[in-house]
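Note on naming: letters A, B, ... go to the chains in the order of the sequence lines (proteins, then strands), and numbering restarts at 1 for each one. Computed from a prediction, not measured in an experiment: that's the story for all the values here.
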Amino acid sequence: MAEYPFREIEKKWQKRWSEEKTFHVSNDDSRPKYYVLDMFPYPSGAGLHVGHPLGYIASDIYARYKRLKGYNVLHPMGYDAFGLPAEQYAIQTGQHPAITTENNIGRYREQLDNLGFSFDWDREVRTSDPSFYKWTQWIFIQLFHSWYNRKSDKAENISTLITAFELNGNTDVDAVSSPLKKFTSADWLKMNDEEKQTILLQYRLAYLSETLVNWCPQLGTVLANEEVKDGFSERGGFAVLRKQMTQWSLRITAYADRLLKGLDKIEWSESMQDAQRNWIGKSVGATINFQIDGHPDKKVSIFTTRPDTIFGVTFMTFAPEHEMVDKITTMKFRDAVKKYIEITGNRSERERMADAKRISGQFTGAYAIHPFTGAKIPIWISEYVLAGYGTGAVMAVPAHDSRDYLFAEHFDLPRIEVVSGGDISKEAFESYEGKLINSDFINGLKVKDAQHAVIKKIEEIGIGKATTNFRLRDAIFGRQRYWGEPFPVYYIGKLPYTIKESELPLLLPEVDSFQPTESGEPPLARAKKWQTNDGYPLETNTMPGWAGSSWYFLRYMDPKNETEFVSKKAVNYWQNVDLYIGGSEHATGHLLYVRFWTKFLYDLGYIPFDEPAKKLVNQGMIQGRSNFVYKLKTVNTFVSLGLKNKYDTIPSHVDVNIVDDDVLDIEKFKLLRPEYSNAEFILEDDKYICGHEVEKMSKRWSNVVNPDDVVEKSGADTLRLYEMFLGPLEQSKPWSTHGIEGVVKFLRKLWRLYHNEKDQFFVSDREPTKEENKILHRTIKKVSDDLERLSFNTSVSAFMICVNELADLKCNCRSILSDLAILIAPHAPHIAEELWEKLGNNGGISKASYPEWKQEFLTENTFEYPVSFNGKLRVKIEMPLSLSREEIVTSLLERAEIIKYMDGKSPKNIIIVPGRIINIVL
RNA sequence: GCCCGGGUGGUGGAACUGGUAGACACGCAGGACUUAAAAUCCUGUGGUCAUUGCGACCGUGCGGGUUCGAUUCCCGCCCCGGGUACCA
């Protein structure tokens with residue numbers, strides 16, 4: 001029998017969907033809306049591999065399902081088109097990144113089209129397109145002209161801040177800002193414009209500041225914290241140094257608490273929420289001021305989460321960069337301190353981390369005074385205290401903090417036990433379970449109560465207060481690169497101003513080279529006339545990769561709008577994303593920033609919601625399965641895996657596309673490279689068996705499998721079903737085509753239900769039997785339940801069971817097969833469309849409505865009860881479901897097989913769960 | 001170290017609220033059709049013992065516990081994967 005002609009069918013329907021704009025979505029629709037979004041890809045030169053579509057297939061199935069269920073579904077796709085790889089390529093080859101990007105997008109589009117996705121391509125966005133980045137720049141301008149008012153707990157226009165300054169200076173303002181001195185309204189009114197702007201800059205949500213940044217010399221740019229992994233750049237793996245630079249930052253810290261609280265009202269996976277919670281890192285405690293011995297005018301402020309342990313303080317530690325170090329270090333220790341600061345200051349991020357376990361520090365010769373006991377507390381400096389967190393200084397309590405403990409042990413400093421319950425001769429006792437001892441007025445209190453008591457006391461005597469700290473840092477927002485959004489900013493002197501909104505977009509200028517200038521300025525400094533009409537110089541930094549992705553989900557709603565980033569009408573209709581699917585690697589980058597921008601735009605009243613996505617699902621990674629060949633060291637001979645231990649060999653990766661089930665295609669291998677053409681092989685069982693390993697799917701490991709190849713061989717519907725059938729969406733798994741044959745067979749079997757032996761379309765108009773209805777309705781119920789909880793793998797099994805059962809009955813009943821075609825349309829849209837058309841329908845299956853399951857076809861009269869004795873399953877007994885408990889017991893005790901297992905005993909208890917199980921306890 | 005996720009047949013996995021463990025599929029074995037192969041179809045397939053039949057026992061990483069009943073809940077441990085890293 002001929003197999004079903006998937007190549008013609010798939011091409012035919014893809015063409016028709018595109019020509020008829022089948023998936024075009026209107027903003028003007030009376031149906032309820034549903035927004036299904038994929039994280040848009042960065043179009044790399046390598047193209048898509050089979051791992052990329054996993055999430056796209058899942059979201060497409062869901063979008064198609066929701067459409068059949070009567071929703072108006074927004075399901076768009078676009079490209080995160082600015083980024084480093086295209087630019088690195090430009091530096092190497094001189095080809096403009098716009099061209100590289102355009103080519104790559106073309107390739108991506110072809111590959112996506114090949115899989116039959118139901119995207120509305122009229123809504124495509126590209127972050128590198130001026131009509132898109134015009135609005136990225138516009139949002140930046142809004143950030144620049146906003147400040148965060150703690151009193152209203154939201155962002156406000158900077159004009160409200162200026163009004164406040166004019167009335168009362170900044171004495172009455174509660175803002176999230178950089179550190180600032182207090183000034184009065186009189187002070188403010190006396191200031192010139194430059195002074196005023198300098199102060200306002202400290203309040204803006206987009207601001208310039210001189211900070212310690214992650215500098216990557218090889219990439220020639222600064223990186224954000226989440227772009228640095230283990231001291232190396234995430235892209236390229238280059239070393240990262242710490243460097244002091246003036247940089248644009250976004251004041252995401254203003255939103256720390258709201259970003260944390262917002263997690264409770266969205267349906268994101270627990271691990272994703274945890275990752276964000278940890279990254280935000282809220283800790284509640286107190287700041288306490290200590291006087292410095294011999295410096296009555298100086299006090300040092302420390303942050304602690306354990307104010308209860310204040311009587312256990314035996315020394316203090318400052319970060320080496322702490323501004324007070326220089327002022328308090330005594331003559332005797334000056335040289336040693338200077339040397340320590342030098343050594344630690346010059347180390348790269350990588351060295352510092354590698355050395356994290358080594359304990360180092362230096363005594364300054366200075367002492368702090370304990371506020372309650374008056375004791376002199378030695379002040380040390382050490383790398384383990386970070387300048388950027390809290391106040392950059394800690395009160396060290398070695399008995400109850402493991403880092404302080406190790407430090408004290410190393411430098412032979414005393415420890416005082418103040419919370420009972422541990423053994424501080426062995427290790428620090430960090431538990432909250434215990435009572436305070438050796439602690440004056442808090443003796444005998446529990447930890448929590450002691451904390452409150454200490455905070456109350458320090459607030460009373462004015463030496464400290466309750467404080468909350470966040471680990472989250474403001475996000476550095478500039479890159480010294482070409483291929484990104486230009487800042488809509490110019491400078492008068494050192495002060496930044498934004499260009500007029502009417503002058504947007506500020507187009508990325510042409511440059512003669514994509515390298516930094518000789519004086520080390522970013523590439524934009526090469527552009528001719530990179531200045532305003534009035535001759536003021538424009539900013540030469542560009543925005544980082546995550547700028548566009550922080551709001552792109554809004555643009556899809558209204559992608560062609562030239563007067564607004566999104567119209568009120570569109571955003572009020574579509575609201576936020578209902579289901580967002582993407583990789584978990586974006587937990588602390590994109591997914592935090594997009595939440596931040598959403599909250600910001602909400603504060604300004606531009607959008608009616610403050611979370612971008614109600615529900616988020618992270619698809620697992622499809623890993624590569626690499627293959628290896630083993631070459632003898634001295635000669636051009638390759639030895640099969642099982643025999644390689646007998647020889648001295650060098651393993652090397654071999655292209656997985658010429659390996660089938662670990663068996664190497666020797667002829668193709670010989671053609672791979674000239675030096676292989678005369679290679680010799682030592683085989684086992686006449687075959688060359690390759691070694692294998694699971695690695696990331698990457699060109700570098702020759703283990704990339706292109707979806708186009710799978711589609712060519714088995715079809716798009718097969719690939720879609722197979723990727724879903726592999727296992728739960730969230731789970732990572734290595735790619736293997738081992739089970740794909742099962743899906744191929746399934747689709748053939750489905751096709752045959754609608755055809756006779758001669759492969760002619762043939763269905764019957766007779767009424768369905770009870771049994772056929774039962775199979776159909778059970779499947780409708782199962783599949784829709786599975787889809788609602790995104791259990792795609794089990795929905796595929798349900799289809800297989802259904803088709804197997806209908807095939808056993810030789811069912812060719814039109815009404816059954818018609819509903820079945822609709823059911824499977826989300827998963828395998830091409831074959832479903834074809835069958836739908838053959839069934840005599842016009843207008844396409846995506847306009848059909850999803851069948852409803854009916855209880856009447858599923859209700860059973862009897863049930864085959866599994867009967868256990870003491871929990872061990874022994875027999876199965878069929879019984880009517882209408883029986884009462886008593887009738888079941890009576891009926892049971894009459895049966896021979898039951899009596900046999902009773903072994904003459906009388907049952908202590910008989911547990912009956914109707915329709916489930918019977919357990920007889922003897 | 002800390003925080004998540006996970007350990008189920010030869011393999012991918014199923015079992016949704018504590019109720020028949022191993023659905024579905026791959027692989028393997030045997031058979032039918034065929035000159036042959038492919039395709040298709042049928043049968044079997046967790047382990048051990050018994051196989052003349054019934055069957056019996058063990059079994060969801062390991063050790064305990066709760067329960068009539070535990071892959072599912074609780075306590076302790078081991079291993080694998082991911083995130084994070086001196087955050088006071």
Legend entry - A/Asp808 side-chain proximity, nearest of B/A39, B/C42, B/A23: B/C42
Legend entry - Base partner of B/G69, which must satisfy Watson-Crick or wobble distances under 3.5 Å: none
Inset, instruction - Could you work out the separation of B/G18 and B/C74 based on their C1' atoms and round it to a whole Å? - result: 13 Å
Legend entry - Out of B/U40, B/A14, B/A88, whichever nucleotide has its closest atom nearest the side chain of A/Arg748: B/U40
Inset, instruction - Ignoring backbone atoms, test whether A/Tyr901 places a side-chain nitrogen or oxygen under 4.0 Å from the OP1 or OP2 oxygen of B/A56. - result: yes
Legend entry - A/Phe315 and A/Phe407 aromatic ring geometry - parallel, tilted or perpendicular at 30°/60° bounds: parallel
Legend entry - Min side-chain heavy-atom separation A/Phe869-A/Pro907 under 4.5 Å: no
Legend entry - Watson-Crick/G-U partner (both atom distances under 3.5 Å) of B/G9: none
Inset, instruction - Sort out the partner of B/A14 for me: Watson-Crick or G-U wobble, both distances under 3.5 Å, none otherwise. - result: none
Legend entry - B/C57 phosphate, OP1 or OP2, under 4.0 Å from A/Arg874 side-chain N/O: yes
Inset, instruction - Could you work out which one of B/U20, B/C4, B/C24 sits closest to the side chain of A/Phe863? - result: B/U20
Legend entry - From B/G12, B/A15, B/A88, nucleotide with atom closest to A/Thr304 side chain: B/A88
Inset, instruction - Would you indicate whether the side-chain heavy atoms of A/Glu805 and A/Arg778 approach each other to under 4.5 Å? - result: yes
Inset, instruction - Please work out whether the ring planes of A/His755 and A/Trp751 are parallel, tilted or perpendicular, with thresholds of 30° and 60°. - result: parallel
Inset, instruction - Enter syn or anti for the glycosidic conformation of B/G7, syn applying to angles within 90° of 0. - result: anti
Legend entry - Residues A/Asp308 and A/Gln451: side-chain donor-acceptor under 3.5 angstrom: yes
Legend entry - Residues from residues 912-922 of chain A lying under 4.0 Å of RNA chain B - heavy atoms: A/Val913, A/Arg916, A/Ile917, A/Asn919, A/Val921
Legend entry - B/C3 to B/U66 separation - P atoms, rounded to the nearest Å: 28 Å
Inset, instruction - Check whether any side-chain nitrogen or oxygen of A/Gln731 sits under 4.0 Å from OP1 or OP2 of B/G13, and answer yes or no. - result: yes
Legend entry - Counterpart base for B/A56, defined by Watson-Crick or G-U wobble contacts under 3.5 Å: B/U48
Legend entry - Options B/C86, B/G13, B/C24, nucleotide nearest the side-chain atoms of A/Pro728: B/G13
Legend entry - Distance between C1' atoms of B/C68 and B/G63 (Å, rounded): 24 Å
Inset, instruction - Quickly work out the A/Leu873 CG to B/C68 P distance and round it to whole Å. - result: 19 Å
Legend entry - Sub-4.0 Å heavy-atom contacts from residues 388-399 of chain A onto RNA chain B, ordered by number: A/Tyr389, A/Val394
Inset, instruction - Select from A/Glu741 and A/Asn793 the residue whose nearest nucleotide in RNA chain B is closer to the 5' end of that strand. - result: A/Asn793
Inset, instruction - Send over the distance from A/Lys908 NZ to B/U67 C1', rounded to a whole Å. - result: 15 Å
Legend entry - Phosphate OP1/OP2 of B/C3 contacted by A/Arg277 side-chain N/O (<4.0 Å): no
Legend entry - Separation of the C1' atoms in B/A23 and B/U71, to the nearest angstrom: 15 Å
Inset, instruction - Kindly say if A/Ser283 contacts the phosphate of B/A88, meaning a side-chain N or O under 4.0 Å from OP1 or OP2. - result: yes
Inset, instruction - On the 0 to 90° scale, with breaks at 30° and 60°, tag the A/Phe863-A/Tyr865 ring pair as parallel, tilted or perpendicular. - result: perpendicular
Legend entry - Distance below 4.0 Å between A/Arg752 side-chain N/O and B/C41 OP1 or OP2: yes
Legend entry - Separation between the P atoms of B/U40 and B/U52, rounded to whole Å: 36 Å
Inset, instruction - Please determine, for the side chain of A/Leu386, which listed nucleotide (B/A39, B/A88, B/C68) has the closest atom? - result: B/A88
Legend entry - Side chains of A/Glu788 and A/Tyr65, donor plus acceptor under 3.5 Å: yes
Which donor-acceptor pairs under 3.5 Å do side chains of residues 270-281 of chain A form with protein atoms, sequence neighbours excluded?
residue, atom, partner, partner atom, Å
A/Ser271, OG, A/Ser269, OG, 3.4
A/Gln273, OE1, A/Arg277, NH2, 2.9
A/Gln273, NE2, A/Trp268, O, 2.9
A/Gln276, OE1, A/Arg595, NH1, 2.6
A/Gln276, NE2, A/Ala587, O, 2.9
A/Arg277, NH2, A/Asp264, OD1, 3.3
A/Asn278, ND2, A/Asp274, O, 3.3

Legend entry - Nearest to side-chain heavy atoms of A/Lys872, which nucleotide of B/A88, B/C58, B/A56: B/C58
Inset, instruction - Cation-pi check, A/Arg306 to A/Tyr432: give yes when NZ or CZ is under 6.0 Å from the six-membered ring centre and within 45° of the ring axis, no otherwise. - result: yes
Inset, instruction - Once you apply the 3.5 Å cut-off to both distances, tell me the Watson-Crick or G-U wobble partner of B/G22, or none. - result: none
Inset, instruction - Say whether A/Tyr340 and A/Ser360, considering side chains only, have a donor N or O and an acceptor N or O under 3.5 Å apart. - result: yes
Legend entry - Test item: A/Ile310 and A/Pro371 side chains (from C-beta on) under 4.5 Å apart, heavy atoms: yes
Inset, instruction - Taking only the side-chain heavy atoms of A/Ile911 (C-beta and beyond), determine which of B/G19, B/U20, B/C24 contains the nearest atom. - result: B/G19
Legend entry - B/G81 phosphate, OP1 or OP2, under 4.0 Å from A/Lys733 side-chain N/O: no
Legend entry - 5'-most by nearest nucleotide on RNA chain B - A/Arg306 or A/Gly739: A/Gly739
Legend entry - Any-strand Watson-Crick or G-U partner of B/C2, both distances under 3.5 Å: B/G83
Inset, instruction - Determine which nucleotide pairs with B/U43, using a 3.5 Å limit on both distances of a Watson-Crick or G-U wobble pair. - result: B/A29
Inset, instruction - State whether A/Asn278 places a side-chain N or O below 4.0 Å from either non-bridging phosphate oxygen (OP1 or OP2) of B/C2. - result: no
Legend entry - Nearest atoms (heavy-atom pairs only) where A/Met879 meets A/Arg895: CG-NH2, 4.1 Å
